[in-house]
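For reference, the structure is listed below as structure tokens.
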Number of protein chains: 2
Amino acid sequence: MVTEREFLDGYDPRAYPAVAVTVDVVTLTIRDGVLHVLLVERGEQPHAGRLALPGGFVREETLDEAALRELAEETGILPRVHLEQLATFGDPGRDPRMRVMSVAYLAFAPRLPEPTVGGDAAAARWVPVAAATGLAFDHDTILAAGLERARAKIEYTPLATAFVGEEFTIAQLRGVYTAVWGEEPHAGNFHRKVLSVPGFIEDTGATTQRGGERGGPRSKLFRAGDARILHPALLRPSAEERR
Amino acid sequence: MVTEREFLDGYDPRAYPAVAVTVDVVTLTIRDGVLHVLLVERGEQPHAGRLALPGGFVREETLDEAALRELAEETGILPRVHLEQLATFGDPGRDPRMRVMSVAYLAFAPRLPEPTVGGDAAAARWVPVAAATGLAFDHDTILAAGLERARAKIEYTPLATAFVGEEFTIAQLRGVYTAVWGEEPHAGNFHRKVLSVPGFIEDTGATTQRGGERGGPRSKLFRAGDARILHPALLRPSAEERR
DNA sequence: TTAATAGTGTCTATCAGACAGTATCTC
DNA sequence: GAGATACTGTCTGATAGACACTATTAA
């Protein structure tokens, strides 16, 4: 019987076929009521010049750390960002260089300034998700998975609050659902509903300085509550179409 | 400007640090009303002799194919198995040999015969999930993720039918929910509910040959319907505790 | 004044959960 | 017959969605 120590001493990592592991991040934000994704223009081969999700090779760090690092390199400062693993894509041939496994991450960000250029990205910018097609590698597939995850996740978690600032109005929160789902929840029912879900939002006691651009009363300001799941959930209006 | 062709010709895969990618499969089934997971006793270092999730290195195949292959090697034939990607675990140090990324999969299987011994597994067997602790590597964490996914997934998908045979009674289906959730749904309400969800189950017109072991009428036999999500969902009784 | 918006009241259909009741079967 | 189980009926409280209404504000 070989002991674990003897086994490790005689172990040759090079005996296995080379596989590279990257993280690619689907970063979503809402700008002017429209859902946007952060994309970079690839500065290097392969697919130089095409748009792609920001990402890079994993270093001596955890996968979560790698995703956070890539995101920080592209966007600079990172206030209140939610980051979660999405899925791993590793079909042979998805990268022409070699076998590359991409661990995809999903990030929800409040409105950020224009991204800084960094890493091997020729340029990074926010692109409306409707216009984000024809991406490099299999990033169209990864983006689609991220969008579906986002749409489902704001139903039963309070993560919609990750898209707005520290303090927000219920109308702003409704705007998040409208942008992510692509359909607007009923304003009155939405209002009553989010207030009734325990721990979703908390009243700050303050109101906005002025009403809406085109009239209306000042609205109360809220902050995110401490709930981690929403019960009962806010279901998408199109739920019955999913049969 | 380097063309893609020139770039690829000069590319050296060995320039990157060696990373290995494995798939590990959380295979769940129900035996005598108790949720079991398929485990192997490791025949090789590291962690020789300890229980672990079945898995192995990814070959020249997709990740889904690798998971299916590993599962087939451990269990033999695979009727009606549901298989989905769970998450990827890649912390440095999770494997003492080298950097190993494990792409974890989750499988739901109907009751299967005792697994065949194959691959590098000294022995493969079904273990009640309550007894499946102290696993090799970070497999305790992977198993916990798989269990939580399974508990959530049978709420809003018809995947509970993947645990039973082609034809089943409503009581058998209720047994799946009882085993996975750890608490029994109300029999009468469950009955009415599963029949009311469109596309969940279809009446075959047949009944069981005899009633229950300790009496009761014969029950109707059903088969899985064509719904891919359940609407409305069957929520766990403990939903309000999740706040 | 007009139009827009925040927030509330109310009605209806649906659903979850509790409970009871009947029919059918095994032992 | 006793006990267990399949399946159904019914009631109650909660909820989603539709609609209407009031109050407040910008232009």
Side-chain angles (χ1 to χ4, degrees), chain A residues 33 155-156 164 167-178 181 183-198 200-222 230-243, chain B residues 33 154-156 164 167-175 177-178 181 183-198 200-222 230-243:
Chain A
E155 284 189 314
Y156 61 94
V164 292
E167 297 197 336
F168 52 88
T169 68
I170 290 180
Q172 287 172 334
L173 192 61
R174 178 159 45 87
V176 172
Y177 283 88
T178 303
W181 283 344
E183 51 193 332
E184 181 160 23
H186 184 286
N189 292 336
F190 182 87
H191 194 102
R192 195 170 354 90
K193 180 66 187 270
V194 295
L195 285 174
S196 76
V197 177
F200 190 5
I201 60 174
E202 290 174 0
D203 197 333
T204 63
T207 65
T208 52
Q209 286 301 311
R210 46 159 294 163
E213 292 181 13
R214 287 170 294 181
R218 299 177 183 178
S219 17
K220 291 182 183 174
L221 285 170
F222 297 83
L230 302 184
H231 183 77
L234 283 93
L235 299 179
R236 277 175 272 190
S238 56
E240 61 267 31
E241 298 167 19
R242 285 185 273 165
R243 291 177 195 166
Chain B
I154 64 172
E155 284 189 315
Y156 61 95
V164 292
E167 296 196 338
F168 52 87
T169 68
I170 290 180
Q172 287 172 335
L173 191 62
R174 179 159 44 88
Y177 283 88
T178 303
W181 284 345
E183 51 193 333
E184 181 160 24
H186 184 285
N189 293 334
F190 181 86
H191 195 103
R192 197 172 349 91
K193 180 68 187 271
V194 295
L195 285 173
S196 75
V197 177
F200 190 6
I201 60 174
E202 290 175 0
D203 197 334
T204 63
T207 65
T208 51
Q209 286 301 311
R210 46 158 295 162
E213 290 181 14
R214 287 171 293 179
R218 299 176 183 178
S219 20
K220 292 182 182 175
L221 285 169
F222 297 83
L230 302 184
H231 182 75
L234 284 92
L235 298 180
R236 275 175 274 190
S238 55
E240 60 267 31
E241 297 167 21
R242 286 184 276 164
R243 288 174 198 164

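The basis for the numbers below is simple: all heavy atoms, side chains too, and nothing from hydrogens, waters or symmetry mates. A note on names: the letters A, B, ... follow the listed sequences, proteins ahead of strands, and every chain is numbered from 1.
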If I compare all heavy atoms of [X] with all of [Y], which pair ends up nearest, and what's the gap?
X: A:Val197; Y: A:His231; value: CG1-N, 3.8 Å
X: B:Ala233; Y: B:Glu155; value: CB-O, 3.3 Å
X: B:Phe190; Y: B:Leu234; value: CE1-CD2, 3.7 Å

Among the candidates [options], find the nucleotide nearest to the side-chain atoms of [X].
X: B:Pro232; options: C:dC15, C:dA6, D:dG9; answer: C:dC15
X: B:Arg174; options: D:dA6, D:dC7, C:dG17; answer: D:dA6
X: A:Asn189; options: C:dT8, D:dC7, D:dG17; answer: D:dG17
X: A:Arg192; options: C:dG17, C:dG9, D:dT15; answer: C:dG9
X: B:Leu195; options: D:dA6, C:dA6, D:dT8; answer: D:dT8

Distance, rounded to the nearest Å, where [X] contributes [atom1] and [N] contributes [atom2]:
X: B:Arg218; N: C:dT26; atom1: CZ; atom2: P; answer: 6 Å
X: A:Lys193; N: D:dA18; atom1: NZ; atom2: C1'; answer: 15 Å
X: B:Gln172; N: D:dA6; atom1: CD; atom2: P; answer: 10 Å
X: B:His191; N: C:dA18; atom1: NE2; atom2: C1'; answer: 17 Å
X: B:Lys220; N: C:dT24; atom1: NZ; atom2: P; answer: 13 Å
X: B:Ile170; N: D:dT5; atom1: CD1; atom2: C1'; answer: 13 Å
X: A:Asp203; N: C:dA6; atom1: CG; atom2: C1'; answer: 13 Å
X: A:His231; N: C:dC15; atom1: NE2; atom2: P; answer: 17 Å

Query raised in the report: Atom CZ in A:Arg192, atom CD1 in A:Ile170: separation rounded to 0.5 Å?
Result: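 Result: 11.5 Å between the selected atoms.
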
**Report entry** Heavy-atom side-chain contact between A:Leu173 and A:Phe200 under 4.5 Å
**Finding:**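 They are in side-chain contact.
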
Query raised in the report: Hey, does B:Arg174 have a side-chain heavy atom less than 4.5 Å from the side chain of B:Pro185?
Result: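 Side chain of B:Pro185 against side chain of B:Arg174, heavy atoms only: contact under 4.5 Å found.
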
Requested in this report: Starting from the 5' end of DNA chain D, give me the residue, A:Gln209 or A:Ser196, whose nearest nucleotide shows up first.
Outcome: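 So the residue in question is A:Ser196.
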
Report task. Would you kindly compare B:His186 and B:Leu234 by the position of their nearest DNA chain C nucleotide and give the one closer to the 5′ end? Result ->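 This one resolves to B:Leu234.
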
Requested in this report: May I ask you to list the residues of residues 210-217 of chain B, by number, that have any heavy atom positioned under 4.0 Å from an atom of DNA chain D?
Outcome: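 Under 4.0 Å from DNA chain D: B:Arg214, B:Gly215, B:Gly216, B:Pro217.
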
Query raised in the report: Within the structure shown, what part of the strands sits under 4.0 Å from B:Ala187 by heavy-atom distance: base, sugar-phosphate, or nothing?
Result: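 B:Ala187: no heavy atom of the nucleic acid under 4.0 Å.
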
Report task. Begin with the C-alpha distance, continue with both residues' side-chain angles, and end with the deciding distance and a verdict on side-chain contact (heavy atoms from CB on, under 4.5 Å) for A:Val176 and A:Gln172. Result -> CA-CA 7 Å; A:Val176 172; A:Gln172 287 172 334; over 6 Å; no

